[in-house]
Amino acid sequence: MNATDSLESALADLEALRASGRSALAQAQDSAALEAARVEHLGLKQGRLKTAQERLKSLEPAARRDYGRAFNEVKAELEQALEDARNRLAHATVQVEPVDVTLPGIRPRIGRLHPLTLTMTELKNIFGRLGFSVAQGPEVEDVWHNFEALNIPESHPARDPLDNFYLAAGAGIGQRAMLRSQTSTVQIRVMEKQPPPVRVIAIGRVYRPDTVDATHSFMFHQIEGLMVERGATMADLKSVLSLFAQAYLGTEVKIRFRPSFFPFTEPSVEVDMLWHGKARWVEMGGAGMVDPNVLRAVGYDPEEVSGFAFGLGVERLCMRRYGIDDIRLFYQNDVGFLRQF
Ligand code: DAH
């Protein structure tokens, strides 16, 4: 360019720049193409607009005003076109990935109740219909409630430290503390608090240092039952337990009592159940008439009232019911297993 550059040709070039810039910016289909069009036309270092601006100097001073006005127009127009193109692409990106409302949604994973929870709820319902209310006791117990009041003396092998989880001296509850080894503790706690008649069940965790295998766990659940009133007999015990067994496992279930021994009942029995079509009786727990020593320990008069008690394994009942053959499945949080209930 030199000072003889003509206004006409400069304006014509400006027109060409306007057309080229407009179409390049308007046709860019993605941000890379738009950026290329921007650099070519509006780039600050070597863009065509920049070159056109510098051309001003090569024009006659008289022509500069007209050229300058035309230049400003084109510049403003291309800047607007750039902005329009940016808006168009930003808007387009949203539309490029529309939501397909016909695709299946993402199903939220809904939890469900653990089989033991289901079983415990059902046990409470059945015994509720038989007139039993639900009592609770602590899992950290003292030896009075776990042994002493249940007629289990210091010398009894059931109190062996190897068979119990004793806690460090004190453990905040005064006398020697332990994790309860049976729910029979709740019998004592209930009778200490209220006079007869009593008709309660207690369901909860118990702890014993057993080696874990398919049928043993260091923690499991028991359901305890206690009924104390004037004239309660072994016949009441048997009818309550058979009504329960039929309600829980089906009307074809049979129960049988086998003579046994527990320090807190006299006489004592083991409770067996037999399923329709099975050859073998299965032991479900223990039961008996509450020992007079136990009634005396809580201030009841054994001449006035009598009672029966029973204790059954919740896991066992649940396993029977659902055909589960390994107790460890209850505690492993295997979602594949738990999802079946
Ligand atoms: N507590 C006993 C146990 O854990 C089970 C038991 C037996 C409970 C006889 C009772 C009962 O209430 O009368 O082995």
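All figures in this text were calculated on a predicted structure; none of them were measured in a lab. All ligand and atom numbering here is 1-based and tracks the order in the structure.
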Problem - Axial cation check for F165 ring with R208, 6.0 Å and 45° limits - result: no
Practice task
Taking ring pair (Phe, Tyr, Trp, His ring centres under 6.0 Å) as the test, write out the residues that go with F341, two or more places apart.
Solution key: Y322, F337
Practice task
Tell me, please, which residues at least two apart from Y207 pass ring pair (Phe, Tyr, Trp, His ring centres under 6.0 Å).
Solution key: none
Distance-only donor-acceptor hits, side chain of residues 291-310, under 3.5 Å, sequence neighbours excluded:
unit_1 : atom_1 : unit_2 : atom_2 : d
D291   : OD1    : N293   : N      : 2.8
N293   : OD1    : R296   : NH2    : 3.2
N293   : ND2    : N151   : OD1    : 3.3
Y300   : OH     : Q194   : O      : 2.5
D301   : OD1    : E303   : N      : 2.8
E304   : OE1    : R230   : NH1    : 3.2
E304   : OE1    : R230   : NH2    : 3.0
S306   : OG     : A232   : N      : 3.1
S306   : OG     : A232   : O      : 2.7

Quick check on ligand 1: any N or O pairs to the protein under 3.5 Å? One line per pair.
unit_1   : atom_1 : unit_2 : atom_2 : d
ligand 1 : 1 (N)  : Q182   : OE1    : 2.7
ligand 1 : 1 (N)  : S184   : OG     : 3.0
ligand 1 : 4 (O)  : R208   : NH2    : 2.7
ligand 1 : 4 (O)  : Q222   : NE2    : 2.9
ligand 1 : 12 (O) : Q187   : NE2    : 3.1
ligand 1 : 12 (O) : E224   : OE2    : 2.6
ligand 1 : 12 (O) : F310   : N      : 3.3
ligand 1 : 12 (O) : F310   : O      : 3.3
ligand 1 : 13 (O) : A309   : O      : 3.1

Practice task
Working to the nearest 0.5 Å, report the span between CD1 of I255 and CG of L249.
Solution key: 11.0 Å
Problem - T251 and Q246: side chain donor to acceptor below 3.5 Å - result: no
